[in-house]
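Values reported hereafter were calculated over all heavy atoms of this structure, with side chains retained and with hydrogens, waters and symmetry mates removed. The model shown is predicted, which means the values in this text are computed figures rather than measured ones. Order of the sequence lines sets the chain letters (A, B, ...), proteins ahead of strands, with each chain counted from 1.
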4 protein chains.
Amino acid sequence: MPGALADDGASAYDGIGAIDDETPRVGRPRDPRVDSAVREATLRLLVEDGYQATSIQAIARLAGVSAPSIYRRWSSKAELVEEAVFPTGQLVEPSLTGDIGSDLETYCRGIVEHLADPAVRAAIPGLLTEYQTDPELFQRLVQRSLTPMRAAFADFVARTGRQPVADVQSLFDVMIGALFVRAISTGAADAEAFASQVARVISAALIAEEAS
Amino acid sequence: MPGALADDGASAYDGIGAIDDETPRVGRPRDPRVDSAVREATLRLLVEDGYQATSIQAIARLAGVSAPSIYRRWSSKAELVEEAVFPTGQLVEPSLTGDIGSDLETYCRGIVEHLADPAVRAAIPGLLTEYQTDPELFQRLVQRSLTPMRAAFADFVARTGRQPVADVQSLFDVMIGALFVRAISTGAADAEAFASQVARVISAALIAEEAS
Amino acid sequence: MPGALADDGASAYDGIGAIDDETPRVGRPRDPRVDSAVREATLRLLVEDGYQATSIQAIARLAGVSAPSIYRRWSSKAELVEEAVFPTGQLVEPSLTGDIGSDLETYCRGIVEHLADPAVRAAIPGLLTEYQTDPELFQRLVQRSLTPMRAAFADFVARTGRQPVADVQSLFDVMIGALFVRAISTGAADAEAFASQVARVISAALIAEEAS
Amino acid sequence: MPGALADDGASAYDGIGAIDDETPRVGRPRDPRVDSAVREATLRLLVEDGYQATSIQAIARLAGVSAPSIYRRWSSKAELVEEAVFPTGQLVEPSLTGDIGSDLETYCRGIVEHLADPAVRAAIPGLLTEYQTDPELFQRLVQRSLTPMRAAFADFVARTGRQPVADVQSLFDVMIGALFVRAISTGAADAEAFASQVARVISAALIAEEAS
DNA sequence: CAATAACCGAGACGGTACGTCGAGTCTTATA
DNA sequence: TATAAGACTCGACGTACCGTCTCGGTTATTG
């Protein structure tokens, strides 16, 4: 049944029997090229000019699309950027293959690699700023991205049979926070080395079960 | 006597002991009430309306001050916010009083408390966004705030006589990153509890020196 | 028949008799109420507050219109004022009905009446000032207003069969200059009396052809 | 003693040996270099940049002087420009030397020469614009410059013994208006030729007295 | 096969913020 | 005690983006 949840989540988007994802069936259908052109323009502007300069009008200009066509699809810049930067289910999961230390290192590298992506780096502070106005947006993103990661990490720790010196949620927060800040501030430079350092710290916080 | 006059004029500018803090000594002096009113208005707007809505014009309106008076003092919103939020030398330092664990806990609490301040929380994502346009600003802040903290932490670790499982700089980054993200995302709620969890993780990364 | 549609579409743009007044046929059309409100506000402010105080922002306020809406239509205050004050082809022409003296008097009265209009009076010095920066604007107005008047006057003189004591162009300049300065400086007060005095002077400069 | 004050006031303007025209005798004396520097800067800016761009601040900058130093001496830009451009008593007077036609030509040339001076040309429309706000200024200038000219012209006409076809005041207005507009609009180019044309027109308006 | 309805681009709309500049006034140190 | 310098408030400048709207015109699906 644990898989059921994932299935449900999927079905919401493209599952069998999904009748109506709120798009109308009559009238001229939306041009899918508009969607992709906008997404591409958004990513490019984010990387090249930063979040602030990535205005809706600038995106429209670069994408060769009208502003209303964008507003028809996304209700705000935050929503558009979020969707462009975190498409869906880009889940990084830890896998227990043998040595806990190297497993964690692989895991941390995966996370930092994703966060250090130039578009992601550029988008995050901007999104955080927007969340001040619309906290709901933030909750949605957390729900969508962070919650499943959190569960997967907890599962990983449980399967190691180790005893964490802090509660698992906080340990996850430490790891994510460290990687997040590093990715945002320094980017991809030396990210791998830092990821392995973080992995060591997290490792050290997982004490081997007593023999007894 | 006529020469004396000229000498006086010169000595006013570069005489021995002249403080010369780049402020002009002639003309109407700046009204210090303007400075403080602007700073207060900035903090209030940051907390109430967020970084985006904290426009220079809105600050001017709230402070009862003209926009040019603000631009005369600060070259940009980023600079003004930075100065309002990180006044100067608000250094949190770790002290080795006895138990390393509780020392670290105190330290982490101090950091998270500062970062969880509503104005700081509101300012940081906005400043990070601006740094995309003007990276120099970021370096200045890091230099001013983070570098001394980093040194103090390294010193603290050295004095504990413990051996960190990761290099000290990375350990600092892990700690700061964890506290930073928590403060930004969740604020002051349960911050103390989280700080002690972080302290435990950092503690665990400091291995007691071999007896040998 | 399917091709016909496309042809129709094309003919709508460049068919025979297409008016093609350079206005775009796509996009939301301009609200004509904005144009007229701006023009009215401009005239009113010119009369009440003078040219200097007639700022674009003041016009926008009074017209209940945004400043960008004005800049969308007119590139500068000078252009807007010029259009508001000299709408188009308000030509005053002399007519040879019988007595040259009374014809000239009627003509001069017409000119001074137009120039003494409060809005015109208020606008002219302002426009002249702007022309120092942008001489092209001045040439355009001259071309538009003065050149046809000049031609009509020359024609009038020719038809009288009289011999002017000075060349016709200079005579026109004398007449216009006199009326212009009077209208600007004194306004409509006693303008009619002055017009007839000017007519006498111009009359006296037209010598009856020798009998021979 | 009571009369002393009033006497001082009067002597300031027209008393014999008037030492001191209302400037205070105590305190730091005004630097006369400021006056001349400001006047020169004003004329230069008028010619180079036009009336609009000749702001008090620009004059202060160019003259190497502070804005308050200017306001201390002149109450407004109009007053400063007026004084700089029409220093005092630059009276052009007609003289009856023999042939009325050539006398008038000399007279007209003198007037147009003065008005066509680049600084005068640049100043006049600006001053006229300011007069909309402050009509009093205009009257003062008229009183100071035009009234004596008007009287001198009337005297000239009287001495010719000719009978003008229009009243003398209007004739003066025609002449001045014609020369004024020409000087403002065209400047010095061909001014002499135009002056002689005007002289002819005015001549023609002066009919030789009947022999009877 | 016609009617319908949502789409498309273009561009105008009212608002608002931007950062700069000029107008005059006020305050301080200096002469 | 008046001057010179510079900060002061106020408001205009012209531009950009916001999110919405009104167009003319297109393209699918429905009746």
Side-chain angles (χ1 to χ4, degrees), chain A residues 23-31 33-34 52-53 55-58 60 64-73 75-77, chain B residues 5 8-9 12 23-31 33-34 52-58 60-61 64-73 75-77, chain C residues 5-6 8-9 12 23-31 33-34 52-61 64-73 75-77, chain D residues 23-31 34 52-61 64-73 75-77:
Chain A
T23 52
R25 262 160 305 271
V26 291
R28 176 176 174 176
R30 286 187 181 159
D31 188 339
R33 287 171 307 173
V34 172
Q52 283 286 15
S55 68
I56 297 272
Q57 332 280 326
V65 146
S66 71
S69 290
I70 297 181
Y71 283 111
R72 213 171 281 128
R73 291 166 167 79
S75 67
S76 67
K77 184 166 103 174
Chain B
L5 253 173
D8 273 13
T23 52
R25 261 158 298 270
V26 290
R28 178 176 176 174
R30 287 194 179 155
D31 188 340
R33 287 171 306 173
V34 172
Q52 284 286 13
T54 303
S55 67
I56 298 269
Q57 333 283 323
R61 263 196 305 274
V65 147
S66 69
S69 290
I70 297 182
Y71 284 112
R72 211 173 283 127
R73 291 167 164 78
S75 66
S76 67
K77 185 167 103 174
Chain C
L5 248 173
D8 274 12
T23 51
R25 262 156 295 268
V26 292
R28 178 176 175 174
R30 286 192 178 155
D31 189 339
R33 289 171 306 173
V34 172
Q52 284 286 14
T54 303
S55 68
I56 297 270
Q57 334 281 324
I59 295 170
R61 264 198 303 275
V65 147
S66 70
S69 290
I70 297 182
Y71 284 110
R72 215 171 279 130
R73 290 167 167 78
S75 66
S76 67
K77 185 166 100 174
Chain D
T23 50
R25 266 157 299 267
V26 290
R28 173 176 175 176
R30 284 191 182 158
D31 188 340
V34 171
Q52 283 286 13
T54 304
S55 67
I56 297 273
Q57 334 281 325
I59 294 170
R61 263 197 304 275
V65 146
S66 73
S69 292
I70 297 181
Y71 283 111
R72 211 171 286 124
R73 290 165 168 81
S75 68
S76 67
K77 184 166 101 176

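- Remark: P of dA23(E) and CD of Q52(C) are 10 Å apart, rounded to the nearest angstrom.
- Atoms CD and CD, on Q52(C) and Q52(D) in that order, are 5.0 Å from each other to the nearest 0.5 Å.
- Remark on DNA chain E: of its neighbouring residues A58(B) and V34(C), the 5'-side contact belongs to V34(C), judged by nearest-heavy-atom nucleotide.
- Atom-to-atom, OH of Y71(D) to P of dT25(E) comes out at 8 Å; the value is rounded to the nearest Å.
- At the heavy-atom level, P29(B) lies under 4.0 Å from the strands shown only through sugar-phosphate atoms.
- In this structure, the CZ atom of R28(C) is 5 Å from the C1' atom of dA12(E), given to the nearest Å.
- For A60(C) against A67(C), the heavy-atom pair with the smallest separation is CB-N, 3.9 Å.
- Side-chain N/O atoms of S69(A) include one lying less than 4.0 angstrom from OP1 or OP2 on dG9(E).
- The separation between D31(D) atom CG and dA5(F) atom P is 9 Å, rounded to whole Å.
- In terms of position on DNA chain E, the residue among S55(D) and S75(B) whose nearest nucleotide sits closer to the 5' end is S75(B).
- One can place CD of Q57(A) at 14 Å from C1' of dT16(E), the figure rounded to the nearest angstrom.
- Residue S66(C) has its side chain nearest to dG15(E) when only dC8(F), dA12(E), dG15(E) are considered.
- The interatomic distance linking R72(B) (CZ) with dG6(F) (P) rounds to 12 Å, in whole Å.
- Separating the CD1 atom of I56(D) from the P atom of dC10(F) is a distance of 21 Å, rounded to the nearest angstrom.
- Nearest approach of I70(B) to I56(B), heavy atoms of both residues: CD1-O, 3.9 Å.
- Taking atom CZ of R61(D) as the reference point, atom P of dA5(F) lies 14 Å away to the nearest angstrom.
- Side-chain proximity of R73(B) to dA12(E), dC21(F), dA7(F): nearest is dA7(F).
- In this structure, A67(A) and G64(D) both approach DNA chain F, and ranking their closest nucleotides by distance from the 5' end singles out G64(D).
- Note that CZ of R61(D) and OG of S66(D) are 13.0 Å apart. Values are rounded to the nearest 0.5 Å.
- Considering only heavy atoms from C-beta on, R72(C) stays 4.5 Å or farther from V34(C) through its side chain.
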